[in-house]
Amino acid sequence: EERPEATWESIERGQAAVFDADDVLGRRFLCIADIGDGYALYDREEAVVWFLEGDEREVRRTDMDLIELISVAVARTE
């Protein structure tokens, strides 16, 4: 059984891995998933998902909102 506290701790670790504590981007974006070669970030201002990928840490905006990202993730596991 997964505890909400453990899930939140995982999110905080992801956030720390991507952003410095005082990083302006860290206040705008929430790291919501480790996607292997990068991270999925939720843009708190625009309510869309961005991907941070690769060694160059390239950031790419998507047109997906959080619900769409979850729907795509669930569909790929079926």
Side-chain angles (χ1 to χ4, degrees):
E1 177 179 319
E2 201 53 42
R3 298 172 305 136
E5 299 86 22
T7 301
W8 183 248
E9 289 168 4
S10 295
I11 291 171
E12 289 176 326
R13 278 194 304 276
Q15 191 78 0
V18 176
F19 303 109
D20 294 330
D22 62 344
D23 193 338
V24 170
L25 292 177
R27 290 189 293 275
R28 176 175 175 179
F29 294 97
L30 175 65
C31 180
I32 55 174
D34 180 335
I35 57 172
D37 189 33
Y39 299 92
L41 309 174
Y42 178 71
D43 184 334
R44 300 173 204 213
E45 292 178 9
E46 296 183 19
V48 295
V49 175
W50 293 62
F51 293 118
L52 175 67
E53 300 175 293
D55 294 335
E56 301 298 317
R57 300 186 61 87
E58 178 182 335
V59 180
R60 185 171 45 91
R61 185 184 191 277
T62 73
D63 60 355
M64 288 188 289
D65 63 23
L66 191 53
I67 299 300
E68 290 172 303
L69 176 68
I70 293 168
S71 297
V72 168
V74 168
R76 289 187 176 188
T77 62
E78 295 177 341

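Quick caveat, the model's predicted, so the values are computed rather than measured. These values consider heavy atoms only, across backbone and side chains, with no hydrogens, waters or symmetry-generated copies.
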Quiz item: When rounded to the nearest 0.5 angstrom, what is the spacing between CZ in Arg61 and CG in Leu41?
Solution: 13.0 Å
Quiz prompt | Heavy-atom pair with the smallest gap, counting every atom of Val49 and Ala40 | solution = CG1-CB, 4.4 Å
Self-check item: Rounded distance [0.5 Å steps], CG in Asp63 versus CD in Glu46
Solution: 12.0 Å
Quiz item: Would you call Arg44 and Leu30 a side-chain contact if the rule is heavy atoms closer than 4.5 Å?
Solution: yes
Quiz item: Which value, rounded to the nearest 0.5 Å, describes the distance between Cys31 atom SG and Leu25 atom CG?
Solution: 12.5 Å
Quiz prompt | From CD1 (Ile35) to CG (Leu52), nearest 0.5 Å | solution = 8.0 Å
Quiz prompt | Closest approach of Val48 to Trp50 (non-hydrogen atoms, all atoms of both residues) | solution = CG2-NE1, 3.7 Å
Quiz prompt | Separation between OH of Tyr39 and CG of Asp34, rounded to the nearest 0.5 Å | solution = 5.0 Å
Exercise. Please name the pair of heavy atoms, one in Glu45 and one in Asp43, separated by the smallest distance, quoted to 0.1 Å.
Key: N-OD1, 2.9 Å
Practice problem: For the residue pair Val59 and Phe51, establish whether any side-chain heavy-atom pair is separated by less than 4.5 Å. | Solution: no
Practice problem: Over all heavy atoms of both residues, which pair between Thr77 and Val74 is shortest? Give the atoms and the distance, please. | Solution: OG1-O, 2.7 Å
Quiz item: Hey, is CZ on Arg76 packed in by over 12 heavy atoms from elsewhere, all under 6.0 Å?
Solution: no
